[in-house]
Amino acid sequence: MKNITLSIDETVLQAGREYARNHNISFNSLVRKLVEQTVVTNKDYWLHDTFSLMDKLNVTSGNEKWTREELYRV
C-alpha cells in the first residue's frame with residue numbers, strides 16, 4: 001500500500017476526524033474508503049454498508065410481529 005500526502009482545510013480535517021471517531025474508524029480508513037467508493041464502479045457498496053450498520057445496532061424487535069402492509073406503510 002502506498003502512502004500519500006494530502007492538503008486539507010483544518011475545519012474539514014477536524015470534522016472528518018470527529019466523524020471517524022464517532023463511527024469507530026480511523027480517519028485514514030475513512031479517506032481510503034471514500035476514495036475507493038468514488039473510483040471503484042462496484043455499485044453494491046451501499047448494500048454492504050447498510051447491512052454492516054444494521055449488524056452494529058444490536059437491537060431486537062422483541063416479540064413484535066408485523067404484517068407486510070405495516071412494514072410498507074408510510
Inset, instruction - Evaluate the side-chain proximity of I25 to K33: yes if any heavy-atom separation is below 4.5 Å, no if none is. - result: no
Legend entry - Intermediate values then yes/no, side chain to side chain contact (heavy atoms under 4.5 Å, CB included), L57 and D55: CA-CA 6 Å; L57 286 176; D55 290 341; over 6 Å; no
Legend entry - Transitive ILVMFWY side-chain link Y72 to W66, under 4.5 Å: no
Inset, instruction - Search all heavy atoms of E70 against all heavy atoms of K65 and return the closest pair with its distance. - result: OE1-O, 4.1 Å
Legend entry - Shortest non-hydrogen contact from A20 toward L30: CB-CD2, 4.3 Å
Legend entry - Separation of S26 OG from R17 CZ (nearest 0.5 Å): 11.0 Å
Inset, instruction - Indicate, with yes or no, if Y19 and L53 share a hydrophobic cluster defined by side-chain heavy-atom contacts under 4.5 Å among Ile, Leu, Val, Met, Phe, Trp and Tyr. - result: no
Inset, instruction - Could you grab the distance from atom CZ of F27 to atom CD of E18, nearest 0.5 Å is fine? - result: 12.5 Å
Inset, instruction - Would you mind reporting whether I4 and L6 have side-chain heavy atoms less than 4.5 Å apart? - result: yes
Legend entry - L34 backbone acceptor or donor facing Q37 side chain under 3.5 Å: no
Legend entry - Audit row: L13, E10, side chain to side chain contact (heavy atoms under 4.5 Å, CB included) steps and yes/no: CA-CA 5 Å; L13 176 60; E10 184 68 31; 4.3 Å; yes
